[in-house]
Amino acid sequence: MAENNTLKVPFFKASIGKEEEEAVLKVLRSGWLTTGKESLEFEKEFAKKINVPYALSVNSNTSGMVLAMEACGVRQGKAVITTPYTFVSTAACARLLGADVYFADIEKDSYSIDPKKVEAILKSEKGKNVVAIVPVHIGGNICNMEALMSLAKQYSVKVIEDCAHSFPSPTKLGYAGAIGDIGVFSFYVTKTITTGEGGMVTTKDESLAKRMTSMRMHGMDRSTWDRYTSPKASWEYDIIAPGYKYNLPDILATLGRVQLSKADIFDSKRKVHVEKYNKAFKDLDFIKLPPTGEGNSWHLYLMRLDLSKLTCTRDQFAKEMQASGVGISVHFIPVFHFSYWKNLYRDFDAKHFPNAEQQYNETISIPLWPDMTDEMISYVIDTIKYIGTKYHAD
């Protein structure tokens with residue numbers, strides 16, 4: 001493969017068509033751009049899709065996570081349990097609320113938090129402060145929610161699902177985001193559906209929904225749409241708590257509504273690409289196929305290298321892919337690699353989380369998006385085979 005500085009296959013490209021363009025233009029011409037009718041309809045449609053009574057649109061997954069944690073009692077003197085194998089925002093939200101974060105390693109053969117490690121923390125002295133478990137469905141592959149929900153019931157703690165990667169993800173327990181007490185989704189540009197920036201919080205609990213609805217908009221007891229469309233005086237409202245400004249504007253929500261209508265189509269296309277990757281890689285001894293299970297939405301294709309079969313590192317392999325014009329990423333740098341977290345907690349390092357460290361050192365996320373062509377898929381596969389042959393430890 002010849003080296004070049006041009007990506008022949010981007011890591012990701014959003015699937016945006018004329019329907020999205022027309023929807024956005026309609027909102028622009030309406031004169032109402034902030035949170036209103038479109039956002040409310042988006043919430044109703046999303047709630048119906050995953051079969052929950054309450055869905056709240058927010059301006060990011062991070063915002064939604066703060067709302068979810070605050071509603072579940074995460075605050076100073078309390079703690080959450082989550083995985084170090086996640087984007088930093090999952091844990092950072094707890095710290096923003098003044099709480100501690102206890103980390104449980106992932107399973108040896110997956111990227112999911114290990115329920116046994118979660119249970120060990122809950123049984124320990126630390127467990128007395130835990131108010132919530134926050135599993136992260138990495139790459140769209142669903143964690144062992146049956147075991148985690150059992151632990152939550154046993155120890156009287158909440159479960160907040162980080163569903164940034166997992167939509168749509170139906171399982172026997174329900175859709176991801178409808179299994180725990182609260183689900184938090186992301187509509188960032190690379191996600192399975194997008195609003196550019198944005199997210200959704202889902203719950204079956206009326207009291208949690210009520211709290212998050214108010215805290216989403218400065219702690220007000222009335223929504224912006226209601227204040228400007230209701231016959232009741234627009235300037236009259238109460239503030240029940242010092243809240244946030246986390247609402248999703250209509251100009252983004254209308255984009256989300258169109259994307260939501262295409263979600264199953266996008267899902268099917270990604271899975272066709274995954275089948276081609278799996279077929280091409282299953283007999284290559286230097287690649288371990290990604291773990292999968294019921295409800296996997298395949299947001300990411302986590303290609304794990306067997307470095308014992310190669311004479312190069314993950315980083316060298318990744319750089320060769322980029323030099324050949326294939327966009328890649330790494331999901332994720334474990335939280336214990338970052339200076340803030342290393343300085344915050346004693347003994348928070350790789351040796352205490354061997355599975356997370358090993359998966360990190362061996363994994364490359366390769367292109368996986370709905371509108372990839374057969375030629376693109378073939379080029380990615382050929383590039384990987386070429387590099388693997390070049391560095392194969394014979």
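All heavy atoms count here, side chains included; hydrogens, waters and symmetry mates do not.
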Indicate if [X] and [Y] have the same hydrophobic cluster label, given that clusters are the connected sets of ILVMFWY residues with side-chain heavy-atom separations under 4.5 angstrom.
X	Y	value
I81	Y85	no
Y175	V136	no
I240	M217	no

[X] atom [atom1], neighbour heavy-atom count above 12 within 6.0 Å:
X	atom1	answer
E146	CD	no
K26	NZ	no
K13	NZ	no

Counting C-beta onward and ignoring hydrogens, is there a side-chain heavy-atom pair between [X] and [Y] closer than 4.5 Å?
X	Y	answer
D100	N129	no
I384	I364	no
V335	T86	yes

Q: For ring pair (Phe, Tyr, Trp, His ring centres under 6.0 Å), just list the numbers for F336 and Y345, CA-CA rounded to whole Å, side-chain angles, deciding distance to a tenth of an Å, and then say yes or no.
A: CA-CA 9 Å; F336 50 76; Y345 293 125; over 10 Å; no
Can you say whether the rings of [X] and [Y] are parallel (under 30°), tilted (30 to 60°) or perpendicular (over 60°)?
X	Y	result
Y277	F281	parallel
H165	F332	parallel
F46	F185	perpendicular
F187	F42	tilted

Q. Does NZ or CZ of K309 lie under 6.0 Å from the centre of the six-membered ring of F286, at an angle within 45° of the ring axis?
A.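 No, cation not above the ring by the 6.0 Å, 45° rule.
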(Q) I'd like to know if D371 pairs up with K269 as an ion pair, taking the criterion as any Lys NZ or Arg NE/NH1/NH2 lying under 4.0 Å from an Asp or Glu carboxylate oxygen. (A)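 So D371 pairs with K269 through a salt bridge.
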(Q) One thing to verify: whether K351 and E357 come together as a salt bridge, which I'm taking to mean a side-chain N less than 4.0 angstrom from a carboxylate O. (A)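 K351 and E357: not salt-bridged.
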Q.
Ignoring hydrogens, what is the shortest heavy-atom contact between I377 and K276? Give both atom names and the distance.
A.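 Closest heavy-atom pair between I377 and K276: CG2-CB, 4.0 Å.
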